[in-house]
Amino acid sequence: MITRFALFEGKVKDGQTDAFRKAVIERILPKWRQFPHATDVRISFAEARDEGAPEYPMILAINYPSLQAVEEALASPIRSEARAATEAVLTEFFEGRIHHHVTLANEYKL
């Protein structure tokens with residue numbers, strides 16, 4: 001199994017945590033669940049980190065059966081819709097950046 005992670009590093013704008021979580025669940029998650037070959041799509045909201053440590057207030061993880069399936073999903077036109085939905089929510093509620101990681105067992109690839 002291959003897992004592709006998007007790590008949302010930064011912070012939610014002040015006073016917007018509940019609205020951000022709701023927007024993620026209602027506007028982002030359904031788009032990523034439409035990806036071809038995705039066997040599981042999930043969002044986790046991270047707990048607070050130590051002061052000075054990078055913050056990951058949200059992690060989007062998508063499981064695929066193979067690396068080829070990941071490549072096919074990323075080439076899909078659905079990707080642009082999912083990205084647009086994600087960018088709209090981030091612009092509205094989030095300050096930071098996103099890191100993408102693809103994992104295969106213990107081998108990590110950017």
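A quick note: this is a predicted structure, and the numbers were derived from the prediction, not measured.
Shown here are the side chain to side chain donor-acceptor pair (under 3.5 Å) partners of E26, two or more places apart in sequence or in another chain: there are none. Residues meeting the salt bridge (charged side-chain N to carboxylate O under 4.0 Å, His left out) test with E87, sequence neighbours left out: R83. Listed by chain and number, the residues in a side-chain contact (heavy atoms from CB on, under 4.5 Å) with P65 are H37, T39, A69 (sequence neighbours excluded).
Atom OG of S76 and atom CD of E71 lie 14.0 Å apart (nearest 0.5 Å). Between T3 atom OG1 and D40 atom CG the span is 8.5 Å, to the nearest 0.5 Å. A distance of 8.0 Å separates CD1 in I62 from CG in L74, rounded to the nearest 0.5 Å. Between the CH2 atom in W32 and the CD1 atom in I78 there is a gap of 10.5 Å [rounded to 0.5 Å]. Here the CZ atom belonging to R33 is positioned 8.5 Å from the CD1 atom belonging to I43, to the nearest 0.5 angstrom. Of the inter-residue distances, the one linking Y64 atom OH with E72 atom CD reads 11.0 Å to the nearest 0.5 angstrom.
For the residue pair A85 and I28, the shortest heavy atom distance occurs at O-CG1, 4.0 Å. Of all non-hydrogen atoms in K11 and F94, the two that sit nearest each other are O-CD1, 3.5 Å. Of all heavy-atom pairs spanning S66 and I2, the tightest one is C-CG1, 3.3 Å.
Between F20 and L90 there is a side-chain heavy-atom pair separated by less than 4.5 Å. Side-chain contact between V24 and M58 is present, with heavy atoms from C-beta onward closer than 4.5 Å. Two residues are said to be in side-chain contact when any heavy atoms from C-beta on lie closer than 4.5 Å; V41 and L29 meet this criterion. Under the 4.5 Å side-chain criterion, counting only non-hydrogen atoms from C-beta, I59 is in contact with F5.
Ion pair E92/R27 flagged as a salt bridge, since at least one NZ, NE, NH1 or NH2 atom sits closer than 4.0 Å to an Asp/Glu carboxylate oxygen.
Surrounding NZ of K22 are at most 12 heavy atoms belonging to other residues, nucleotides or ligands under 6.0 Å away. Counted within 6.0 Å of CD on Q34, heavy atoms from surrounding residues, nucleotides or ligands total more than 12; the atom is thus considered enclosed.
For R79 and F35, the positive end is not near the middle of the six-membered ring at less than 6.0 Å and at most 45° from its axis.
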